[in-house]
Amino acid sequence: MKLKVLVVDDSAFMRLLLSDILSEDKELEVVGSAADGKEAVTQVMALKPDLVLLDMNMGEYDGLYAVEHIMKKHPVPILILSAVGNTDLEPIFDALRLGAVDYMNKPVRNNSKLRSMDMELIRKIKSAARAKPTIQLPQTKPVATVKLKPRKKRTYDIIVIGASTGGPTAIENVITAFPSNLDVPVLIGQHMPANFIQPFVDRLNKLSPLDVKMGVRGMVPRPGSIIIAPGDRNMVVTCDKSGHLTIDFSDEVFREYNNPSINALMLSVADSYGSKALGAILTGMGKDGVKGLSAIKAKGGHTVAQDKATSVIYGMPKVAYDSGAVSDVLSIKEIGSFLVSKL
(Lines give C-alpha, C1' and ligand atoms only; values in the text may rest on other atoms or scores of the structure.)
Protein backbone atom coordinates (compact mmCIF):
# COMPACT_ATOMS: atom_id res chain seq x y z
CA MET A 1 0.00 0.00 0.00
CA LYS A 2 1.34 3.42 -0.95
CA LEU A 3 2.05 6.17 1.55
CA LYS A 4 -0.42 9.01 1.02
CA VAL A 5 1.21 12.46 1.12
CA LEU A 6 -0.42 15.90 1.33
CA VAL A 7 1.80 18.70 -0.04
CA VAL A 8 1.36 22.13 1.56
CA ASP A 9 3.12 25.19 0.08
CA ASP A 10 1.97 28.67 -0.94
CA SER A 11 3.82 28.38 -4.27
CA ALA A 12 1.90 26.62 -7.05
CA PHE A 13 5.22 25.88 -8.77
CA MET A 14 6.58 24.24 -5.61
CA ARG A 15 3.46 22.14 -5.14
CA LEU A 16 3.74 20.87 -8.71
CA LEU A 17 7.49 20.26 -8.39
CA LEU A 18 7.14 18.33 -5.15
CA SER A 19 4.24 16.30 -6.51
CA ASP A 20 6.33 15.44 -9.56
CA ILE A 21 9.35 14.41 -7.44
CA LEU A 22 7.32 12.26 -5.05
CA SER A 23 5.30 10.62 -7.82
CA GLU A 24 8.50 9.11 -9.20
CA ASP A 25 8.66 6.79 -6.18
CA LYS A 26 6.33 3.80 -6.45
CA GLU A 27 5.76 3.72 -2.69
CA LEU A 28 4.42 7.28 -2.49
CA GLU A 29 1.16 8.85 -3.66
CA VAL A 30 0.41 12.58 -3.55
CA VAL A 31 -3.28 12.63 -2.63
CA GLY A 32 -3.70 16.39 -2.55
CA SER A 33 -2.20 19.79 -1.93
CA ALA A 34 -2.91 23.00 -0.03
CA ALA A 35 -1.76 26.61 -0.33
CA ASP A 36 -1.82 27.59 3.36
CA GLY A 37 -2.23 26.24 6.86
CA LYS A 38 -6.00 26.63 7.00
CA GLU A 39 -6.54 24.74 3.75
CA ALA A 40 -4.07 22.11 4.99
CA VAL A 41 -6.25 21.39 8.03
CA THR A 42 -9.33 21.00 5.81
CA GLN A 43 -7.48 18.69 3.41
CA VAL A 44 -6.13 16.53 6.22
CA MET A 45 -9.64 16.01 7.56
CA ALA A 46 -10.96 15.16 4.11
CA LEU A 47 -8.10 13.08 2.65
CA LYS A 48 -6.63 11.41 5.76
CA PRO A 49 -3.05 11.37 4.43
CA ASP A 50 -0.27 9.30 6.02
CA LEU A 51 2.02 12.32 6.08
CA VAL A 52 1.89 16.09 5.54
CA LEU A 53 4.83 17.76 3.78
CA LEU A 54 4.59 21.31 5.09
CA ASP A 55 6.13 24.71 4.34
CA MET A 56 6.30 27.30 7.14
CA ASN A 57 5.93 30.76 5.53
CA MET A 58 2.40 30.95 4.12
CA GLY A 59 0.91 34.27 5.20
CA GLU A 60 -1.66 34.50 7.98
CA TYR A 61 -2.33 30.75 8.12
CA ASP A 62 1.27 29.59 8.27
CA GLY A 63 2.96 26.31 9.10
CA LEU A 64 2.62 26.75 12.86
CA TYR A 65 -1.13 27.26 12.44
CA ALA A 66 -1.28 24.05 10.40
CA VAL A 67 0.72 21.98 12.89
CA GLU A 68 -1.27 23.19 15.89
CA HIS A 69 -4.69 22.59 14.34
CA ILE A 70 -3.83 19.31 12.59
CA MET A 71 -2.54 17.92 15.87
CA LYS A 72 -5.76 18.95 17.62
CA LYS A 73 -8.17 17.65 15.00
CA HIS A 74 -6.47 14.72 13.29
CA PRO A 75 -2.87 13.99 14.40
CA VAL A 76 -0.70 12.84 11.51
CA PRO A 77 3.08 12.83 10.95
CA ILE A 78 4.24 16.22 9.63
CA LEU A 79 7.56 16.78 7.87
CA ILE A 80 8.62 20.43 7.64
CA LEU A 81 10.19 21.45 4.31
CA SER A 82 10.94 25.15 4.46
CA ALA A 83 13.53 27.78 3.63
CA VAL A 84 12.85 29.50 6.96
CA GLY A 85 15.37 27.14 8.57
CA ASN A 86 18.14 28.79 6.58
CA THR A 87 17.70 32.06 8.48
CA ASP A 88 15.55 31.52 11.58
CA LEU A 89 15.22 28.14 13.26
CA GLU A 90 12.92 29.16 16.10
CA PRO A 91 9.74 28.50 14.05
CA ILE A 92 11.11 25.04 13.21
CA PHE A 93 11.74 24.22 16.86
CA ASP A 94 8.29 25.58 17.76
CA ALA A 95 6.72 23.34 15.11
CA LEU A 96 8.51 20.33 16.55
CA ARG A 97 7.22 21.17 20.02
CA LEU A 98 3.69 21.41 18.61
CA GLY A 99 3.96 17.93 17.12
CA ALA A 100 5.82 18.05 13.79
CA VAL A 101 8.06 15.01 13.43
CA ASP A 102 11.07 16.15 11.42
CA TYR A 103 12.44 18.94 9.24
CA MET A 104 14.41 19.55 6.07
CA ASN A 105 15.83 22.75 4.60
CA LYS A 106 14.43 24.00 1.31
CA PRO A 107 16.89 25.82 -1.00
CA VAL A 108 16.60 29.58 -0.42
CA ARG A 109 16.60 30.88 -3.99
CA ASN A 110 16.68 28.13 -6.60
CA ASN A 111 13.85 25.78 -5.69
CA SER A 112 14.67 23.60 -8.69
CA LYS A 113 17.68 22.44 -6.63
CA LEU A 114 15.22 20.20 -4.83
CA ARG A 115 15.76 17.82 -7.74
CA SER A 116 19.26 17.13 -6.43
CA MET A 117 17.81 16.42 -2.96
CA ASP A 118 15.04 14.09 -4.09
CA MET A 119 16.49 10.91 -2.57
CA GLU A 120 17.03 12.56 0.81
CA LEU A 121 13.52 14.03 0.73
CA ILE A 122 11.94 10.67 -0.09
CA ARG A 123 13.98 8.96 2.63
CA LYS A 124 12.85 11.59 5.15
CA ILE A 125 9.22 11.16 4.13
CA LYS A 126 9.30 7.38 4.53
CA SER A 127 11.02 7.71 7.89
CA ALA A 128 8.70 10.42 9.21
CA ALA A 129 5.59 8.51 8.11
CA ARG A 130 6.48 5.82 10.65
CA ALA A 131 6.58 8.30 13.50
CA LYS A 132 4.08 8.94 16.25
CA PRO A 133 3.39 12.69 16.45
CA THR A 134 3.51 13.95 20.02
CA ILE A 135 2.43 17.33 21.40
CA GLN A 136 4.62 18.77 24.15
CA LEU A 137 4.12 22.21 25.64
CA PRO A 138 7.11 24.52 25.15
CA GLN A 139 9.38 25.69 27.93
CA THR A 140 9.33 29.48 27.87
CA LYS A 141 11.90 29.99 30.63
CA PRO A 142 14.46 27.94 32.56
CA VAL A 143 12.80 25.37 34.78
CA ALA A 144 13.21 25.91 38.51
CA THR A 145 14.98 22.78 39.73
CA VAL A 146 16.01 21.48 43.12
CA LYS A 147 19.74 21.85 43.66
CA LEU A 148 21.93 18.84 44.31
CA LYS A 149 22.73 18.26 47.95
CA PRO A 150 26.43 18.26 48.91
CA ARG A 151 27.99 14.78 48.94
CA LYS A 152 31.36 13.32 49.63
CA LYS A 153 31.60 11.18 46.52
CA ARG A 154 29.91 10.96 43.12
CA THR A 155 28.75 7.62 41.75
CA TYR A 156 29.07 8.83 38.16
CA ASP A 157 31.30 11.46 36.53
CA ILE A 158 29.56 12.12 33.21
CA ILE A 159 26.20 11.94 31.42
CA VAL A 160 26.10 11.18 27.69
CA ILE A 161 22.91 11.37 25.63
CA GLY A 162 22.10 10.36 22.05
CA ALA A 163 18.98 11.18 20.01
CA SER A 164 17.69 11.39 16.45
CA THR A 165 14.18 12.02 15.07
CA GLY A 166 12.13 13.72 17.77
CA GLY A 167 15.33 14.40 19.71
CA PRO A 168 15.34 18.21 19.96
CA THR A 169 12.14 18.26 22.03
CA ALA A 170 13.19 15.18 23.99
CA ILE A 171 16.56 16.73 24.86
CA GLU A 172 14.84 19.92 26.02
CA ASN A 173 12.73 17.84 28.39
CA VAL A 174 15.79 16.08 29.80
CA ILE A 175 18.12 19.02 30.36
CA THR A 176 15.46 21.29 31.87
CA ALA A 177 15.25 18.74 34.69
CA PHE A 178 18.94 19.22 35.51
CA PRO A 179 19.74 21.41 38.56
CA SER A 180 21.74 24.61 38.24
CA ASN A 181 24.54 23.13 40.35
CA LEU A 182 24.89 19.90 38.35
CA ASP A 183 28.41 18.71 39.17
CA VAL A 184 29.12 16.52 36.14
CA PRO A 185 29.49 17.38 32.43
CA VAL A 186 26.85 16.37 29.87
CA LEU A 187 27.72 15.34 26.30
CA ILE A 188 24.99 15.16 23.64
CA GLY A 189 24.93 13.72 20.14
CA GLN A 190 21.81 14.77 18.19
CA HIS A 191 21.31 13.83 14.53
CA MET A 192 20.75 17.26 13.03
CA PRO A 193 21.94 19.29 10.00
CA ALA A 194 25.15 21.18 10.78
CA ASN A 195 23.54 24.62 10.43
CA PHE A 196 20.91 23.70 13.04
CA ILE A 197 23.37 22.96 15.82
CA GLN A 198 24.34 26.47 16.93
CA PRO A 199 20.72 27.74 17.00
CA PHE A 200 19.84 24.59 18.96
CA VAL A 201 22.65 25.36 21.41
CA ASP A 202 21.37 28.95 21.74
CA ARG A 203 17.84 27.70 22.39
CA LEU A 204 19.00 25.25 25.07
CA ASN A 205 21.00 28.02 26.73
CA LYS A 206 17.79 30.00 27.14
CA LEU A 207 15.99 27.03 28.67
CA SER A 208 18.71 25.76 31.01
CA PRO A 209 20.70 27.46 33.78
CA LEU A 210 23.68 25.35 32.71
CA ASP A 211 26.35 26.39 30.21
CA VAL A 212 25.48 24.89 26.81
CA LYS A 213 28.15 24.95 24.10
CA MET A 214 28.95 23.32 20.79
CA GLY A 215 31.97 21.04 21.03
CA VAL A 216 35.35 22.23 19.77
CA ARG A 217 38.68 20.42 19.80
CA GLY A 218 40.51 20.77 23.11
CA MET A 219 37.42 21.75 25.12
CA VAL A 220 37.40 20.22 28.62
CA PRO A 221 34.13 18.57 29.75
CA ARG A 222 33.66 20.48 32.99
CA PRO A 223 31.00 20.00 35.70
CA GLY A 224 27.86 21.95 34.88
CA SER A 225 28.62 22.17 31.16
CA ILE A 226 26.53 20.70 28.35
CA ILE A 227 28.48 20.04 25.15
CA ILE A 228 26.57 19.41 21.90
CA ALA A 229 28.31 17.57 19.07
CA PRO A 230 28.70 19.57 15.83
CA GLY A 231 26.69 18.31 12.87
CA ASP A 232 29.61 17.88 10.49
CA ARG A 233 31.98 15.71 12.54
CA ASN A 234 32.04 12.73 14.90
CA MET A 235 32.75 14.12 18.37
CA VAL A 236 34.65 12.00 20.89
CA VAL A 237 36.33 12.29 24.29
CA THR A 238 40.05 11.61 24.34
CA CYS A 239 43.00 11.88 26.71
CA ASP A 240 45.51 14.59 25.76
CA LYS A 241 49.30 14.52 26.30
CA SER A 242 48.86 15.98 29.78
CA GLY A 243 46.46 13.23 30.78
CA HIS A 244 43.38 15.46 30.71
CA LEU A 245 40.12 14.37 29.08
CA THR A 246 39.20 16.73 26.23
CA ILE A 247 36.87 16.96 23.26
CA ASP A 248 38.26 15.75 19.93
CA PHE A 249 36.95 14.47 16.60
CA SER A 250 37.31 11.08 14.97
CA ASP A 251 37.86 10.29 11.29
CA GLU A 252 36.46 6.79 11.79
CA VAL A 253 33.40 6.06 9.67
CA PHE A 254 30.50 4.35 11.43
CA ARG A 255 28.03 2.29 9.45
CA GLU A 256 25.00 3.30 11.49
CA TYR A 257 25.35 7.11 11.20
CA ASN A 258 27.99 9.83 10.96
CA ASN A 259 28.30 13.54 11.70
CA PRO A 260 27.54 13.22 14.48
CA SER A 261 27.85 9.52 15.34
CA ILE A 262 26.29 8.68 18.70
CA ASN A 263 28.28 5.45 18.73
CA ALA A 264 31.54 7.36 18.30
CA LEU A 265 30.67 9.61 21.24
CA MET A 266 29.42 6.87 23.57
CA LEU A 267 32.24 4.42 22.78
CA SER A 268 34.77 7.13 23.63
CA VAL A 269 32.92 7.89 26.88
CA ALA A 270 32.97 4.18 27.78
CA ASP A 271 36.72 4.07 27.16
CA SER A 272 37.44 7.31 29.02
CA TYR A 273 35.08 7.08 32.00
CA GLY A 274 34.39 3.35 32.35
CA SER A 275 32.01 2.56 35.21
CA LYS A 276 31.65 6.28 35.97
CA ALA A 277 29.43 6.95 32.92
CA LEU A 278 25.67 7.41 32.70
CA GLY A 279 24.27 6.88 29.17
CA ALA A 280 20.83 7.62 27.72
CA ILE A 281 19.42 6.84 24.29
CA LEU A 282 16.35 8.79 23.20
CA THR A 283 13.85 8.73 20.34
CA GLY A 284 15.09 8.08 16.80
CA MET A 285 15.19 5.68 13.88
CA GLY A 286 17.95 3.16 13.28
CA LYS A 287 20.65 1.62 15.46
CA ASP A 288 23.08 4.45 16.18
CA GLY A 289 24.16 4.56 19.80
CA VAL A 290 23.42 0.91 20.56
CA LYS A 291 27.08 -0.20 20.41
CA GLY A 292 28.13 2.77 22.53
CA LEU A 293 25.42 2.21 25.12
CA SER A 294 26.35 -1.48 25.27
CA ALA A 295 29.98 -0.53 25.89
CA ILE A 296 29.00 1.81 28.75
CA LYS A 297 26.95 -0.93 30.39
CA ALA A 298 29.72 -3.52 29.86
CA LYS A 299 32.19 -1.21 31.65
CA GLY A 300 29.87 -0.99 34.66
CA GLY A 301 28.12 2.25 33.80
CA HIS A 302 24.35 2.76 33.98
CA THR A 303 22.15 3.05 30.87
CA VAL A 304 18.67 4.39 30.17
CA ALA A 305 16.36 4.30 27.15
CA GLN A 306 13.26 6.34 26.36
CA ASP A 307 10.07 4.28 26.38
CA LYS A 308 7.85 3.53 23.40
CA ALA A 309 4.92 5.62 24.61
CA THR A 310 6.86 8.90 24.57
CA SER A 311 9.21 8.23 21.63
CA VAL A 312 8.38 9.90 18.32
CA ILE A 313 10.13 6.95 16.67
CA TYR A 314 10.79 3.91 18.84
CA GLY A 315 13.79 2.73 16.86
CA MET A 316 17.12 3.34 18.59
CA PRO A 317 15.68 2.83 22.10
CA LYS A 318 13.99 -0.44 21.05
CA VAL A 319 17.13 -1.87 19.43
CA ALA A 320 19.16 -0.87 22.48
CA TYR A 321 16.68 -2.53 24.82
CA ASP A 322 16.39 -5.67 22.70
CA SER A 323 20.18 -5.98 22.62
CA GLY A 324 20.42 -5.94 26.42
CA ALA A 325 22.21 -2.59 26.51
CA VAL A 326 19.59 -0.86 28.68
CA SER A 327 19.38 -0.87 32.47
CA ASP A 328 16.16 1.18 32.76
CA VAL A 329 13.33 2.23 30.42
CA LEU A 330 11.62 5.51 31.31
CA SER A 331 9.30 8.13 29.87
CA ILE A 332 10.91 11.31 28.57
CA LYS A 333 9.48 13.26 31.51
CA GLU A 334 11.30 10.97 33.95
CA ILE A 335 14.73 10.60 32.37
CA GLY A 336 16.27 13.94 33.40
CA SER A 337 15.40 13.66 37.09
CA PHE A 338 16.33 9.97 37.10
CA LEU A 339 19.80 10.69 35.74
CA VAL A 340 20.33 13.31 38.44
CA SER A 341 19.13 10.89 41.13
CA LYS A 342 21.76 8.34 40.04
CA LEU A 343 24.64 10.76 40.52
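Counting only heavy atoms from C-beta outward, the side chains of Phe200 and Leu89 never approach each other to under 4.5 Å. Looking only at side-chain heavy atoms (C-beta outward), Leu204 and Lys206 stay at 4.5 Å or farther from each other. Put simply, the side chain of Lys213 does not reach to within 4.5 Å of the side chain of Ile228, judged on heavy atoms. The shortest distance between side-chain heavy atoms of Asp62 and Asp36 does not fall below 4.5 Å. Side chains of Val8 and Leu53 form no contact here, defined as non-hydrogen atoms less than 4.5 Å apart. Between Pro260 and Pro230, the closest side-chain pair of non-hydrogen atoms is not below 4.5 Å. Residues Val31 and Val5 fail the side-chain proximity criterion, which asks for heavy atoms closer than 4.5 Å.
The CD1 atom of Ile247 sits 8.5 Å away from the OG atom of Ser225 when rounded to the nearest 0.5 Å. A distance of 6.0 Å separates CG in Leu278 from CG in Leu343, rounded to the nearest 0.5 Å. Between atom CD of residue Glu90 and atom CZ of residue Arg203 there is a gap of 4.5 Å, rounded to the nearest 0.5 Å. From Ile262, atom CD1 reaches atom NZ of Lys291 across 13.5 Å, with rounding to the nearest 0.5 Å. Note that the CD1 atom of Ile197 and the CD1 atom of Ile188 stand 10.0 Å from one another [nearest 0.5 Å]. Leu54 contributes atom CG, which lies 4.5 Å from atom CD1 of Ile80 (distance to the nearest 0.5 angstrom).
Atom NZ of Lys38 has 12 or fewer heavy atoms from other residues, nucleotides or ligands within 6.0 Å. Within 6.0 Å of NZ on Lys287 lie no more than 12 heavy atoms contributed by other residues, nucleotides or ligands. Heavy-atom neighbours of Lys318 NZ from other residues, nucleotides or ligands within 6.0 Å: at or below the threshold of 12. Heavy atoms from other residues, nucleotides or ligands lying under 6.0 Å from NZ of Lys132 number more than 12. Residue-environment remark: NZ (Lys48) exceeds the threshold of 12 foreign heavy atoms within 6.0 Å. Shown here is Phe93, whose CZ atom has more than 12 heavy atoms of other residues, nucleotides or ligands within 6.0 Å.
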Go through Ile332 and Asp307 one step at a time and tell me if the side chain to side chain contact (heavy atoms under 4.5 Å, CB included) criterion holds.
CA-CA 7 Å; Ile332 195 59; Asp307 65 1; over 6 Å; no
Thr303 vs Ser327, side chain to side chain donor-acceptor pair (under 3.5 Å): CA-CA, chis, key distance, verdict:
CA-CA 5 Å; Thr303 57; Ser327 305; 3.1 Å; yes
Evaluate side chain to side chain donor-acceptor pair (under 3.5 Å) for Ser250 paired with Asn234, printing each intermediate quantity in order.
CA-CA 6 Å; Ser250 172; Asn234 289 338; 5.6 Å; no
What's the verdict on side chain to side chain donor-acceptor pair (under 3.5 Å) for Glu172 and Thr176, showing C-alpha distance, side-chain angles and the deciding distance?
CA-CA 6 Å; Glu172 288 181 19; Thr176 51; over 6 Å; no
Please lay out, stage by stage, how Asp20 and Ser23 fare under the test side chain to side chain donor-acceptor pair (under 3.5 Å).
CA-CA 5 Å; Asp20 187 40; Ser23 297; 6.0 Å; no
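Between Asp50 and Lys4 there is no salt bridge, since none of the side-chain N atoms of the basic residue sits less than 4.0 Å from a carboxylate O of the acidic one. Salt-bridge check for Lys72 with Glu68: passed, with a basic side-chain N closer than 4.0 Å to an acidic carboxylate O. For the pair Asp271 and Lys299, the salt-bridge criterion is met [side-chain N within less than 4.0 Å of a carboxylate O]. Taking the charged nitrogens against the carboxylate oxygens, Lys106 and Asp9 do have a contact shorter than 4.0 Å, which makes a salt bridge.
For the side chain to side chain contact (heavy atoms under 4.5 Å, CB included) with Ile21, the qualifying choice from Val7, Leu28, Asp118 is Asp118, the only one to do so.
No hydrogens or angles considered: a donor-acceptor pair under 3.5 Å links the side chains of Ser82 and Asp55.
For the pair Lys124 and Tyr103, the cation-pi criterion (under 6.0 Å, within 45° of the ring axis) is fulfilled.
Using bins of under 30°, 30° to 60° and over 60° for the plane-to-plane angle, the ring pair His191/Tyr257 lands in the parallel bin. Between Tyr65 and Tyr61, the ring planes lie perpendicular to each other; the angle is over 60°, past the 30° to 60° tilted range.
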